[in-house]
Amino acid sequence: MTQKNKLLLIDGNSVAFRAFFALHQQLERFKNKSGLHTNALYGFHSMIENVLTKEKPTHVLVAFDAGKTTFRNAFFEEYKGGRSKTPSEFSEQMPYLRELLNGFGIKHYELDNYEADDIIGTLSAQANPAEFDVVVVSGDRDLTQLAKENVRVDITVKGVSELKEYTVESIQAEMGISPMQIIDMKGLAGDASDNIPGVTKIGEKTALKLLKEYGSVENIYNHVNEMKKSKMKENLINEKETAFLSKRLATIDQDSPITIKIEDLAYTGPNTEKLIDFYKEMDFKTHLSRLDTTEHDAENEANREAIVYETVTEISPEMFSDKMALYVEMLTDNYHTADIVSISWGNVDHIYVGEPELVLNSKDFQDWAKNPKFSKQVFDAKRTFVVLKRYGIDVENIQFDILLASYILNTKDNSKDLSEVATEHHYFEVASDESVYGKGAKIHLPEDPAVMQDHLARKVKAILVLSAQLEQHLAENNQSELFYDMELPLAMVLAEMEITGIKVDAQRLREMKVEFAERLLAIEKRVYEQAGEEFNLNSPKQLGVILFEKMGYPVIKKTKTGYSTAVDVLEQLRDQAPIVADILEYRQIAKLQSTYIEGLLKVIHGHNGKIHTRYMQTIAQTGRLSSIDPNLQNIPIRLEEGRKIRQAFVPSHKGWKIFASDYSQIELRVLAHISDDEHLKAAFIEGQDIHASTAMRVFGIEKQEDVSSEMRRRAKAVNFGIVYGISDYGLSKNLEISRKEAQNFIDTYFIKYPGVKTYMEEIVREAKDKEYVETLFHRRRYLPDINSRNFNLRSFAERTAMNTPIQGSAADIIKVAMIEMDKRLKEEKLEATMLLQVHDELIFEAPEAEIPILEKLVAEVMENAVDLNVPLKVESDSGDNWYEAK
DNA sequence: ATGCTCACG
DNA sequence: ACGTACGTGAGCATA
């Protein structure tokens, strides 16, 4: 027996309206880049997806209301009158609903003078029960009148994702009437939302009672005279006409003059290209990414143009030329250890793919790679450079990097997956790595080598196409210098730093490990005694139960999932709860033990005793670097116990030292520069202690000796607040003062530093206008939420607008310094090597004899990296290990 | 996978 | 009234 067809009929307007109100509280969260609200679209999308998966229809239609007036208004002018105006946030979404449906490949239809339910009613009546099961989806319960043998009506319950199914049987069971009698009920009870009057004083309950007795409106009036005298009887008689009118209004037309046939509604699945365009336009990121790796690939695989490439078995010099793209494939992230699985290169005329053994050992390939006369375009220059260096090949003249360029054009566009970056730029000819190799632990080479070869050739093609395109974009955005003079050269400097790595004294770490293990055991024992039981001290959940339930201490703060046991909470309990001192100590040591001692021991390379981090150049939204595997930018320093970890970071040669230089107050100096505030500038030009100076102005103190340490502390917090994009709330929390007091501080600060105030106002205004902010070197950060009507989103964007030019420009400055530093070390033929960058400091190792030279050279380079209207100041130190170089 | 906590600038 | 200070990454527990 063949499967019966299934016709899905959706009431477009009503479902969209439900979706709109279901996500109404989050209206401002659902907004695309251009400010269009998308909540109704999002909700509608979820509903469609759910219902398609569940019902697997063979035919689908979404019906829409045609316009304001319908045939019903012809005999009752006020039909659907009195409705409040449709919110503009809703109506602006309706045109895009059609785009969504086109993406899904779903037909939609509207008919002049008729409502969506008339179209649905007519089609459901036309569906032959022998051929079709029909499912109707609406947010309007009136449509339940259409239920019959082969027609089920699903009405949205909460939101739109949950549907309640109405069949003839369920309607009978729930209300005691047949679907057709729902019309009679409306005739009697009316419907306020549609402005159907009904009979005075008769509501749903009374209507049901009457219908159970008489069956229909007609029959009620046949017997109305037999009823005993009552107010209701009077109303019925007086309003007979209204009752019949109401019934007529409530009756869905099952024979409207539609011009479509059920056969036209055959559903053949989505149009992925259109759907992707729609997701992009709406900023539906999750839907987009899901599609990229699944249906999109599947469909594109069929749609993609075949790519021509050559699988090389022998390499010859003619295979290489200037301006070629190069891609080196590895299956895992860490290019310091990953194996190369394949290499591809080429230009628009010819793309080659080869096995790593063959290519890496080829003299022709090596010569080409190392020859600065031949420029190369890549995806991720640093990754490419580092991995080939491991095989003894120094790649020269990497002239373009589409990952770096993408990140500069939009800091959000920074995926490690080439196809994702390509998709962002509307290039769809590359499959995702996930679809080719799988993901997680199951990552593997495809069985058919041709699949990977094809994939790589496509990557090379994408690099070629996108290089040209992105280069153009950079120029349009005035970001060419940022790319060519800063980020690309920096990638090479970072590559060398990573390859050099930093030597770690594993023995020292192991000694600390033993010591910490003993202490942890002792603390644990004390805690269990005080708690009266053993539990997992690392579990905030279990700890919460012990502290706040078993021991009954007051709950100070809650998290989403339970009690907060964070440091600031425990600090407040310190006096009344002797156990917390132990818990805090445990936390501190446990953190050092697991993250730093054990964590670092795990990533020391066996052959050289060094650690090789990876700097992420395209992650941070401000332009800063980040460091992973391990993170060497958060090695403890604030507390002495943790700080000792730094003793394990040592020079890699005997007789060498660790040398460290850091910018003093670089962010406040940057602020002084970009705000051009007279007083802030003066403080730096005069070389004052900046926090003391702020304290003097804010607290009205004449002499610096009169600034108490408490005043300085507060002034320091205000300065931090200024850099972060000040808010009274944040400052009040930080200083543990009231919001009012915090606001007073801020007000006073702005009076004393009017230039800063003007800058803050200007930058926010500018951000609202352009929807992005820029650093000194034209690094951009887009702030789509800056014009949001949602307070939180908008406030966050405003603080970001204030902070990003400051933090980002500081990041720019140290990047310039690093490039110059690298150059100078080579020029001066010094053995000293740059090892690490920690946002505002650079760490080197050098022979002891070079230390005096570095003292001068590093400071000079860092201080003169850029010319601001305040001086930059650098402080340096050196020692036998990182701890000593404070 | 996600949330919490905590390390850094 | 709203409810957060800016930027990161790692380990652990828990779902």
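Chain letters run A, B, ... following the sequence lines, proteins first, then strands; residues in each count from 1.
- Following rounding to the nearest Å, K602(A) (NZ) and dA10(C) (C1') show an atom-to-atom distance of 10 Å.
- Y335(A) and K382(A) form a side-chain donor-acceptor contact under 3.5 Å, judged by distance and modelled atom types alone.
- For the residue pair Q572(A)/D568(A), the side-chain donor-acceptor check at 3.5 Å is not satisfied.
- Comparing atom distances between the N538(A) side chain and each of dT4(C), dG7(C), dA13(C) picks out dA13(C) as nearest.
- With the 3.5 Å cutoff on both pairing distances, Watson-Crick and G-U pairs in DNA chain C assemble into runs of at least 3 at B:1-9 with C:6-14.
- Classified by interplanar angle (parallel below 30°, tilted 30° to 60°, perpendicular above 60°), the ring pair H605(A)/H612(A) is perpendicular.
- Atom CG in N334(A) sits roughly 11 Å away from atom P in dA10(C) (whole-Å rounding).
- Atom pair M616(A):CE and dG9(C):P shows a separation of 9 Å (rounding to whole Å applied).
- Of the two residues contacting DNA chain C, namely N792(A) and T804(A), the nearest-nucleotide position lying further toward the 5' end is that of N792(A).
- For Y753(A), the ring pair (Phe, Tyr, Trp, His ring centres under 6.0 Å) partners are Y749(A), not counting sequence neighbours.
- At the heavy-atom level, R781(A) lies under 4.0 Å from the strands shown only through sugar-phosphate atoms.
- Between dA5(C) and S727(A), no contact under 4.0 Å exists linking OP1 or OP2 to a side-chain N or O.
- Not a single donor-acceptor contact under 3.5 angstrom links the side-chain atoms of S795(A) to the base of dT4(C).
- Between dG7(C), dG3(C), dA10(C), one nucleotide has an atom nearer to the side chain of T595(A) than all others, and that is dA10(C).
- If you take atom P in dA5(C) and the same atom in dG3(B), they sit 16 Å apart, rounded to whole Å.
- Residue contacts for G725(A): at a heavy-atom cut-off of 4.0 Å it reaches no nucleic acid atom on any strand shown.
- Of the candidate nucleotides dA5(C), dG7(C), dG3(C), dG3(C) has the atom nearest to the side chain of F791(A).
- Using a 3.5 Å distance cut-off with no hydrogens or angles, the side chains of S788(A) and R794(A) do not pair a donor with an acceptor.
- Between dC6(B) and dC2(C), the distance separating the two C1' atoms is 29 Å to the nearest Å.
- Using a 4.0 Å cut-off between a side-chain N of Lys or Arg and a carboxylate O of Asp or Glu, E518(A) and K513(A) do not qualify as a salt bridge.
- The side-chain hydrogen bond (donor to acceptor under 3.5 Å, both in side chains) test with N719(A) singles out one residue from Q665(A), H691(A), E667(A), and that residue is H691(A).
- If you take CD1 of I722(A) and P of dT4(C), they are 21 Å apart, rounded to a whole angstrom.
- With ring centers used as reference points, Y772(A) lies under 6.0 Å from Y782(A).
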Take nucleotides 3-9 of chain B nucleotide by nucleotide from the 5' end and write B, S or -, depending on whether a protein heavy atom sits under 4.0 Å from the base, only from the sugar-phosphate, or from neither. SSSBBBB
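- R739(A) contributes a side-chain N or O that forms a donor-acceptor pair with the base of dG3(C) under 3.5 Å.
- For N803(A), taking side-chain heavy atoms from C-beta onward, the closest of the listed nucleotides dG7(C), dG3(C), dG9(C) is dG7(C).
- Aromatic rings from F699(A) and F745(A) are positioned such that their centres are separated by under 6.0 Å.
- Summarising the geometry, the separation between CG on L668(A) and P on dC6(C) is reported as 17 Å, rounded to the nearest angstrom.
- We find that CD of Q837(A) is positioned 17 Å from P of dG7(C), with the value rounded to whole Å.
- Per the geometry, CG belonging to L731(A) stands 13 Å off P belonging to dC6(C), to the nearest Å.
- Between the CG atom in L600(A) and the OG1 atom in T595(A) there is a gap of 9.0 Å [rounded to 0.5 Å].
- Side chain to side chain, Q633(A) and Q837(A) meet the donor-acceptor criterion of an N or O pair below 3.5 Å.
- Contacts of N536(A) with the nucleic acid, taken as non-hydrogen atoms under 4.0 Å apart, involve only primed sugar atoms and P, OP1 or OP2.
- To the nearest angstrom, P of dA1(C) lies 15 Å from OH of Y729(A).
- Here S539(A) lies in heavy-atom contact (under 4.0 Å) with sugar-phosphate atoms only.
- Among the atoms of the strands shown, base atoms are found under 4.0 Å from some heavy atom of A717(A).
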